[in-house]
*Asks:* 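Structure provided below as structure tokens; questions to follow.
Counting starts at 1 for both ligands and their atoms, following the listed order.
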Amino acid sequence: MPKSGFVAIVGRPNAGKSTLLNRLVGEKVAIVSPVPQTTRNQIRGIVNHSEGQIVLIDTPGIHRPLHRLNQRMMKSVHAALEGLDLVLLIVDASIPFGEGDRFVLSLLKEKNLPAFLLLNKIDQMEKPALLPLIQRYASESNWLEVIPLSALTGENVDLLLQRIFGVLKESPCCFPDDQYTDQPERALAAEFVRERILHHTREEVPHSVAVIIEKFEEGGRLVRIYAAIFVERASQKGILIGQKGRMLKQIGSEARRELERLLNTKVYLELFVKVRPRWRDDDTALDEIGITKIRT
Ligand code: GDP
Ligand code: MG
């Protein structure tokens, strides 16, 4: 009988949650970026392994809620913690333990969930620095395991998988074994476009951008995708479009190539940019963008 279960990856923004999820799943299902808070909704990845199946939940970075968007993100963190078999708390081992980590810890204690502590980014550390760190963290909570690893290089990721299956119970799998995410293809398309925007724009634009797929048409040997990019100011629109439309073209062709790989078909991708002041504090806009689709 195979094993299976639901496992959430939680941790501060930038700890490496999305990188780990992608590494475990072996497919790009969550976007990865050096800009914190790139993951706004829970995205699931499915690991199909000879021992069974793991359904992974990637959560938005945990932090104290500020404006309305962040409050909704926190709701999705709480929602992601319900009905789980295991929580993986991932921390960036190369920076000091901070207030944010303590906040996450108290959340886990409150929920009383079995948890592993993952000390990530050990590729950036001297090995002797690890032991005191493990001892320091081990005393903070009742971890089932404390595992140093690198989501980026894959070091110790097999060990992590082994230990996860050590915790999961025998039970039938939830998804067909050729499926690696339950996210609708549209949502992934929007995330891919957003990732390319974050990659190319840095400070000026990132947190003011939302991508909505307005049309997703499958027909013949081509998928046609029409995506609207929302920004808050006209100046941001200018940056995104770029000189003679070059920036938008670049973003579009990179996202299209990734989508073609994901969907395994030719893709026609059309992007347009719209200015929508203060969409992050506008409930109607948030509904449209799909940030409400979380039940709590
Ligand atoms: P998230 O906000 O927790 O989802 O973090 P991401 O997965 O988006 O990663 C944030 C940044 O840390 C990215 O630039 C990653 O490439 C980097 N990163 C993630 N894991 C590792 C790691 O094991 N080693 C190193 N050196 N960098 C990492
Ligand atoms: Mg992320």
*Asks:* Once side-chain hydrogen bond (donor to acceptor under 3.5 Å, both in side chains) is applied, do any residues pair with Ser94, and if so which ones, sequence neighbours excluded?
*Replies:*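 side-chain hydrogen bond (donor to acceptor under 3.5 Å, both in side chains) list for Ser94, sorted by chain: Asp92, Gln124.
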*Asks:* Using a 4.0 Å heavy-atom cut-off, which part of Leu152 comes near ligand 1: side chain, backbone, both, or neither?
*Replies:*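 Both backbone and side chain.
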*Asks:* Heavy-atom contacts with Gly16 under 4.0 Å: which atoms of ligand 1 show up? List them by number with element.
*Replies:* 1 (P), 3 (O), 5 (O), 6 (P), 7 (O), 9 (O), 19 (C)
*Asks:* If you count the atoms of ligand 1 from 1 in the order shown, which ones are under 4.0 Å from a heavy atom of Ser18?
*Replies:*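 In order of numbering, the contacting atoms are 4 (O), 7 (O).
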*Asks:* Ignoring hydrogens, what is the shortest heavy-atom contact between Gly11 and Leu89? Give both atom names and the distance.
*Replies:* CA-CD1, 3.8 Å
*Asks:* Select one of side chain, backbone, both or neither to describe which atoms of Asn14 lie under 4.0 Å from any atom of ligand 1, heavy atoms only.
*Replies:* both
*Asks:* Should you measure from each heavy atom of Gln124, which atoms of ligand 1 turn up under 4.0 Å away?
*Replies:*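 Every atom of ligand 1 under 4.0 Å from some heavy atom of Gln124: 26 (N).
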*Asks:* Strictly by modelled atom types, are His200 and Glu254 linked by a side-chain donor-acceptor pair under 3.5 Å?
*Replies:* yes
*Asks:* Under 3.5 Å, N or O to N or O, is Ala15 touching ligand 1 that way?
*Replies:* yes
*Asks:* Could you check if a side-chain atom of Ile225 sits within less than 4.5 angstrom of a side-chain atom of Ile213, using non-hydrogen atoms only?
*Replies:*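 Counting from C-beta outward, Ile225 and Ile213 do come under 4.5 Å.
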*Asks:* Going by the side chain to side chain contact (heavy atoms under 4.5 Å, CB included) test, name the single residue among Val91, Leu149, Thr19, Ile147 that passes it with Asn120.
*Replies:* Leu149
*Asks:* Quick check: Lys17 and ligand 1, any N/O pair under 3.5 Å apart?
*Replies:*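 Yes.
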*Asks:* With a cut-off of under 6.0 Å to the ring centre and 45° to the axis, is Lys3 in cation-pi contact with Phe165?
*Replies:* no
